[in-house]
Amino acid sequence: MSAAPRIVALGNGRFLVHQDDAQQLAWAVADGGVTWVFVEGRSYRISQAAAPRRTAQASGHDDPRALSAPMPATVPPCTSRSGSRSNAATCC
Amino acid sequence: MFSRLLIANRGEIAVRVSRACRDMGIQSIAVYSDADARARHVLVADRAVHIGAAPAAESYLSIDRILAAAKATGAEAVHPGYGFLSENDRFADACATAGVTFIGPPSAALRLMGSKTAAREVAQRAGVPVVPGGTPDDQTDTALARVAARTGYPVLLKPSAGGGGIGMKIVREPSLLSAAAAQARREAMAAFGDATLYVERLIERPRHIEIQIIGDSHGQVVHLFERECSMQRRHQKVLEETPSTAVTPALRRRLGDAAVALARAAGYQNAGTVEFLLDAQGDDASFYFLEMNARLQVEHPITEAVTGVDLVRAQIEIAAGAALPWTQEALTQRGHAIELRIYAEDPRQGYLPQAGRLRLYREPSMPGVRIDSGVSEGDDVAVHYDPLLAKLVVSAETRETARARAVAALQAFPILGVPTNGELLLALLHHPRFIAGDIDTHFLDVEAHALNPPLPAEPPALVTAIAAAAGASSAHHPATRTIVDPWDVHRSDA
């Protein structure tokens, strides 16, 4: 059973990972809701809004599952009905 | 020697030519499209000229615009790199008309080698073997069988008018020929409106071996040994190495002699590459002429690594009228070199090209490692051009040391923001068949599953932990955040 890794941010996207009496460099960048990680020669793309996955599986720049996050908005009640009269100041 | 040279290309090869110019004291002039205004090849040149919109047809393939840039800057020579206009005989002629030296073969040689039929005829005249086969005028089963018997089984029946594998049938013994021919004719007629069939020897597990040649305007032609290029997907090379594990010294001499004979027969000058299909291995292995690439190859650095020759410098000197500085006997191979092509693509999605911003791009620096790249951190990788990001070239005394060095270099070459084929390359370097040198042109297809194993549902815990640390680092230390923006004043190189 491996011990939990200890990760030290070195700056400029570099991280030193200590684990089980060994250390290695890793690189990562966070960009909005996505974090890219490179470690042991493999790269990973991790979206905060969805399950993490490897870059090779990504179909484009944006994870489609990220679109399921709720969008901030207000939906006003709609009181008009067929045949109603409206003018420029009328909402719905 | 030239004092100003225009580079009619972009990306890593334009950077490579710029470096050679700097070594030689020649002023380099880059050209660029709208998409490349801040590209690496523009930044490393001594001057840069905008030549048009992002689509290549409106910029890098526009003979008029490139020659206008040459004229405006007083360039005396044009280096075409590879791709784009590099094998375009009309461009070579237009350069001559404009009084600018084209750094490449004469236009007549470009025309000759640009035609597969003409190139095959030149090869046959020069005594260079071509894949045995023929198209009988009499297309009956009996006549096809006669050609097949002469060629030797197994054979491939191919529609004369076709391509793309449509209508191609493998025939392993005479009794199966009639049925296969009937089916091939039906498919050929349906696809191409022509049922004529070509019979060709089937090479079951071919290797793609190419020979680098170079000739001057004084009648000298030499070869700079072979490159093994069997690691291909869809005819696109992924990994090249030299020497080949299949080529013995005697076979190397035969391949080299054939390549030089072909170049002489074609009146070839400057750098070029003769490609062969190799059947089996050992001193007596058969090889067959495929085609000649009348330009510098992408994979030229591995030849430079084992011969010590600067091929781009040699190209420029030859174009300026210099004689080759070496004889064949003076050229030797030392050690082993491997090139890995790092593409912005997704091997799990049929090598689909990928685009985006290079959020993090750090080239490794270690002994025996050379990176030829046309990109920098913060660049946008666009869909307009070839998805090649960088060539990682390693060299060492032995193949195994070079392989281990390639693994170490790949593991220290983080590229984030755009998916790449890095993981595939790593798997390839660890594959037992590659380690044993047991490869052929079908390798990537046959071993696709082993090279692209199914992805785990969840990333390793270590990755999640690093991602969490990166998020925290980004949130708490904005001055060292690593989201790379060319206008970010917090960048360490700003």
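Below, chains carry the letters A, B, ... as their sequence lines are ordered, and counting in each starts from 1.
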For the atom pair [atom1] ([X]) and [atom2] ([Y]), what is the distance rounded to the nearest 0.5 Å?
{"X": "B/Q411", "Y": "A/Q24", "atom1": "CD", "atom2": "CD", "answer": "9.0 Å"}
{"X": "A/F38", "Y": "B/L416", "atom1": "CZ", "atom2": "CG", "answer": "7.5 Å"}
{"X": "A/I46", "Y": "B/E458", "atom1": "CD1", "atom2": "CD", "answer": "9.5 Å"}
{"X": "A/E40", "Y": "B/E423", "atom1": "CD", "atom2": "CD", "answer": "11.5 Å"}

What heavy-atom pair brings [X] and [Y] nearest, and what distance separates the two atoms?
{"X": "B/P414", "Y": "A/W27", "result": "CG-CD2, 3.4 Å"}
{"X": "A/A30", "Y": "B/G471", "result": "CB-CA, 4.3 Å"}
{"X": "A/F15", "Y": "B/A470", "result": "CZ-CA, 3.5 Å"}
{"X": "B/L462", "Y": "A/V39", "result": "CD2-CG2, 4.3 Å"}
{"X": "A/S43", "Y": "B/I415", "result": "CB-O, 4.5 Å"}
{"X": "A/A28", "Y": "B/L360", "result": "O-CD1, 4.3 Å"}

Next on the checklist: Does any part of the side chain of A/N12, heavy atoms only, come nearer than 4.5 Å to the side chain of B/R362, both counted from C-beta?
Outcome noted: yes
Item to check | Part of B/L426 within contact of chain A (heavy atom distance under 4.5 Å) | outcome: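 Contact with chain A: side chain only.
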Checklist entry - More than 12 foreign heavy atoms under 6.0 Å from CZ of A/R6: is that the case here? => result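 For A/R6, atom CZ is not crowded (no more than 12 foreign heavy atoms under 6.0 Å).
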